[in-house]
Amino acid sequence: MYGNDFGPAADAPRSDVMDAPLGRVDARDLESDFQAIIDAEGRIEPRDAMPDAYRKSLIRQIAQHAHSEIIGMQPEGNWISRAPSLRRKAILMAKVQDEAGHGLYLYAAAETLGAERADLLDMLHNGKQKYSSIFNYPTLTWADMGAIGWLVDGAAIVNQVPLCRCSYGPYARAMVRVCKEESFHQRQGFEILHSLSNGTPAQHAMAQDAVNRWWWPSLMMFGPPDAESPNTQQSMAWGIKRFSNDDLRQRFIDMTVPQSEALGLELPDSELRWNAERGHYDSGKIDFTELFEVIKGNGPCNAHRMQHRRRAHEDGAWVREAADAFAAKRRTTTDASPTAA
Ligand code: BYC
């Protein structure tokens, strides 16, 4: 396991310090070691001492993030069999598979904090942990695959690139790969919309309709406004979040408006205009009551998504049992092997 080495105390060999139960390392002020790493913009690693609240907050965020990745497979999985060509089908399958991989990296990162993956999934299934609001909207047409890639993955990139510099090492490292893949996803979404926008009038209208439906929910992905975000301040002080919800939302708007012009599609906000004084786009008011309703479970697809997820989990029980049996058998074989250490 990774850990930061502070050098041995004058009276203790290094191995004693690192291997001792926490209560016995009285020569060290573990809290101040933690703070020193945060202040120096270093990385906290699984073996390092950390405040319980830091550990809990990370498990909360990483688990929610992992749940979002696997629930996020559903709206797009819905279109694999209906993608308009073999090429589109292959690309979409690869993308949905990537989301499963992202879930895997993230559950593994949460496990380094002492969480059990099975417990996290139980908390998702019994509603004790959340997943992103965005996946509670339906995917009505093929153009939704474009809008999700362009807007949802675009928002995800803006939110997640700063997480590559998160103070917790395993989360930050997982995010590097996730962001590279999200970047591919965003481009495939842009390309779908570009083809539709430049196609027949009916295709253009379908692309515009998808953008109209996904724009506001994509802005809500960044979370409540800063004044109503209970976790942001502490999360930023710990170097988990690097920017506030509103700052990232603004960054996304600034990045997306010129892209919409390149696509020849309109964003459904009549108040969007460049503000030279601020150096940002001004935009219309977001209806955050919708976000809070969706988070509470009252979005258009919440019940369906959870029902599908629980069923998939139950149907997959035999795979988990087989994997456990295989691992147990392998352990026995390795233990019995004369070359085993
Ligand atoms: N949906 O104090 P706040 C993806 C919750 S994956 C639902 O601002 P925080 C993709 C929040 O959890 C997208 N809940 O919280 C995947 C908190 O509740 P708790 C997911 C939300 O943590 C597949 C409460 O509201 N991305 O893009 O400081 C295919 C107060 O909020 C939402 C991540 O998870 C929401 N939109 O900031 C394609 C990224 N917003 O926990 C794409 C990592 C807020 O106190 N996570 N809540 O009960 C983060 O960056 C942060 O956790 C958030 C929220 C910005 C989301």
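Keep in mind that what you see is a predicted model, and the values were worked out from it rather than measured. We count ligands from 1, going down the list as the structure has it; atoms in each ligand are counted the same way. Heavy-atom basis, side chains included; hydrogens, waters and symmetry copies ignored.
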I'd like to check which ligand 1 atoms, numbered from 1 as shown, lie under 4.0 Å from a non-hydrogen atom of [X].
X: M220; result: 36 (N)
X: Q64; result: 12 (O), 19 (P), 41 (O)
X: G223; result: 40 (N), 44 (C)
X: Y171; result: 43 (C)
X: R60; result: 12 (O), 19 (P), 22 (O), 41 (O), 45 (O)
X: M221; result: 27 (O), 36 (N)
X: F222; result: 55 (C)
X: Y131; result: 1 (N), 7 (C)

Check your understanding: For ligand 1, is there an N or O atom under 3.5 Å from any N or O atom of S68?
Key ->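 The answer is no, given that S68 and ligand 1 share no N or O pair closer than 3.5 Å.
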Check your understanding: So is there a nitrogen or oxygen of V152 less than 3.5 Å from a nitrogen or oxygen in ligand 1?
Key ->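 No, there is no polar N/O contact under 3.5 Å.
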Does [X] have more than 12 heavy atoms from other residues, nucleotides or ligands lying within 6.0 Å of its [atom1]?
X: Q35; atom1: CD; answer: yes
X: Q234; atom1: CD; answer: yes
X: R310; atom1: CZ; answer: yes
X: M255; atom1: CE; answer: yes
X: R278; atom1: CZ; answer: yes

Among all protein non-hydrogen atoms, which one is nearest to [atom], and what is the separation to 0.1 Å?
atom: atom 23 (C) of ligand 1; result: E99 OE1, 3.3 Å
atom: atom 3 (P) of ligand 1; result: S229 OG, 3.4 Å
atom: atom 48 (O) of ligand 1; result: K130 NZ, 2.4 Å

Ligand 1-proximal atoms of [X], by part, heavy-atom distance under 4.0 Å:
X: F135; result: side chain
X: Q61; result: side chain
X: D153; result: side chain
X: S235; result: neither
X: N159; result: side chain
X: N245; result: side chain
X: H185; result: neither
X: I295; result: side chain

Check your understanding: Only one of T139, L151, L140 forms a side-chain contact (heavy atoms from CB on, under 4.5 Å) with R213, so which one is it?
Key ->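 Among the candidates, only L140 passes.
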Check your understanding: So does D247 pair up with R251, basic N to acidic O under 4.0 Å?
Key ->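 Looking at D247 and R251, the cut-off is not met.
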Practice item. Assess F292 for proximity to ligand 1: is some non-hydrogen atom of it under 4.0 Å away? Key: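 F292 does not count as a contact of ligand 1 under the 4.0 Å cut-off.
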Review point. If two hydrophobic side chains count as joined below 4.5 Å and joins carry through other members, does Y171 share a cluster with L113?
Key: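 Result: yes, single cluster for both.
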Exercise for review: Kindly indicate, with the supporting measurements, whether the criterion side chain to side chain contact (heavy atoms under 4.5 Å, CB included) is fulfilled by Y281 and E271.
Suggested key: CA-CA 9 Å; Y281 281 91; E271 293 174 49; over 6 Å; no
Review point. For atom 53 (C) of ligand 1, is the nearest protein heavy atom under 4.0 Å away?
Key: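 Given the 4.0 Å cut-off, atom 53 (C) of ligand 1 does not count as touching protein heavy atoms.
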